[in-house]
Amino acid sequence: MWARVIEAMLGCWLAISPFIFRMDADDTLLWAVNLVAAATVITCALLSHWPPTRHARYMTALVSLAIIAYGRIAAPSPGPPELQNLILVGLLLLMFSLVPNFASQPPRGWRDVSQLKDVEA
Amino acid sequence: MNDRQDEHARLNVTAPPWSYNPSAWRQRIPICLLALVAFVIAAYMALYQWRLIDNVWDPVFGKQSKRVLDSDLAKWMHHLFGVSDAALGALAYLGDAIFGLAGSTRRWQYRPWLVILFGIDVIPLGIVSAVLVFCQATIVGNWCFLCIVTAVISLVLVYMAYDEVWSSLKYLYRVWKATRSSRIVWNALWGFPRRETELVASDMIRKAA
C-alpha cells in the first residue's frame, strides 16, 4: 500500500499548490482543478484500503491524465509554474497509480493458487 | 519451515536462462538506488532550467553545461512537453525506481506487465539519454558533464535491468508456444493464474534449477 500512501501525499501537495504558487484568486478554474483533483486523489487513495473499492486507483489514473491534459493545454507552452506543477504531479500520480495495492505480494489469484496447494499438501 | 520461510522459498526461484532470480531484491535494489542517483542529478539540472539556482556545477566543461541547458534544443523540448527536459528526465529516473520497487520476487512470472513496463521505462530512456548526449556534440556543439553522467547511468541501468525483462518475455513466449492461445498469453501477461501457465512456469523453473 506504499503507493497509495504516496498518492495521498501528492494529493495534499495538490491541495496546497495554489498557496505555494500564489495563484491569482480570480483564476477560479485553476483553483478548482487543483482542489477537486486533490480531493479525488486523497479519497481514492483512502478507498483503496477498503476491499470493495480496492480498484479506486484507476480513478486516480484518470484524474492524473486529466490534470496533465489541463496543464498542457490551458496556456501556450511552456506554461506558468502552476501549470507545469500540474503536469509533473499528474505524471507522478500516473506512475504511482499503476503500482498495485499489495505490490510486494503476488497477485490475488496466484496467492489463492498457492494457498490451495498448501491445503492439498 | 514456518510460513514466512515457505513464502520466501516459493517466491525466490531461479528463472531461466539465468542461474539466479532476476526479480530478487538483491538484483532490483541496486537498480533503484542508481536510478535515484540519476534522479537527483536530473532534478538539480531542472532547478537550473527553472532558474531556481543561478549556476550548474561542471568540473570538466565549465560554462558549456549552461549553454547545453539553455540551448534551442532544450527550449524546443520545453515548448513541446510543457515542462523542462531535465524535469522529464528526473521523472523518468524516478519511474525506474518506482517500477523497480513494485512487485514480488517472482514478478517475472506473476506480473509480467509490471516487468515489461519497467523495461519500457529503463530501456528507451537509456537510448534517449545516449541520443541526447550525441545531440550535444552535433547540434548544440557543447558538452554537459552531468548530462553525460546520467547518460552513462542510463546505459548501466539498461544492462542491469534487461535480464528480468528477458525472463518475462521468455515466459510469455513459452506460454504461447505451449498453448498457441492469445487469450492465455493475455491472462499470463496480466498475472491471472491458469493451469497451463503454471505448468509452463514450473517447467522453466525445474530446468533452471
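Per chain, numbering begins at 1; letters A, B, ... match sequence-line order.
Between A:Pro78 and B:His78 the shortest side-chain heavy-atom distance falls below 4.5 Å.
Remark: A:Trp2 CH2 is packed, more than 12 non-hydrogen atoms of other residues, nucleotides or ligands lying under 6.0 Å away. More than 12 heavy atoms of other shown residues, nucleotides or ligands fall within 6.0 angstrom of atom CH2 in B:Trp25. Counting non-hydrogen atoms of neighbouring residues, nucleotides and ligands closer than 6.0 angstrom, the OH atom of B:Tyr20 exceeds 12 such neighbours. Other residues, nucleotides and ligands contribute more than 12 heavy atoms inside 6.0 Å of the CZ atom of B:Arg51.
Atom-to-atom distance recorded for B:Leu94:CG and A:Leu91:CG is 11.0 Å, nearest 0.5 angstrom. Interatomic distance, CG of B:Asp121 versus CE of A:Met95, reported as 7.0 Å (0.5 Å rounding).
Every pair tested for ring-ring contact (aromatic ring centres under 6.0 Å, His included) that includes a residue from residues 59-105 of chain A fails, sequence neighbours excluded, so the list is empty.
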Next item on the list: Test B:Leu114 against A:Val99 for side chain to side chain contact (heavy atoms under 4.5 Å, CB included), laying out the working first.
Entry: CA-CA 8 Å; B:Leu114 188 55; A:Val99 176; 5.7 Å; no
Check: Does the side chain to side chain contact (heavy atoms under 4.5 Å, CB included) test come out yes or no for B:Phe81 and A:Ile87, once each step is laid out?
Finding: CA-CA 9 Å; B:Phe81 296 115; A:Ile87 297 174; over 6 Å; no
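Contacts of A:Leu98 with chain B are made by both backbone and side-chain atoms, with heavy-atom separations under 4.5 Å. The part of B:Leu117 that comes within reach of chain A is its side chain, from C-beta onward, which places non-hydrogen atoms under 4.5 angstrom from that chain. Of the two parts of B:Trp190, neither the backbone nor the side chain holds a non-hydrogen atom closer than 4.5 Å to a non-hydrogen atom of chain A. A:Leu88 touches chain B through backbone and side chain together, each having a heavy atom under 4.5 Å away.
Annotation: maximal heavy-atom pairing with chain A below 4.5 Å, among B:Arg111, B:Lys75, B:Gln109, occurs at B:Arg111.
Side chain of B:Arg107 to backbone of A:Pro106: no donor-acceptor contact under 3.5 angstrom is found.
Using modelled atom types, one finds no donor on one side chain facing an acceptor on the other under 3.5 Å when comparing B:Glu198 with A:Trp110.
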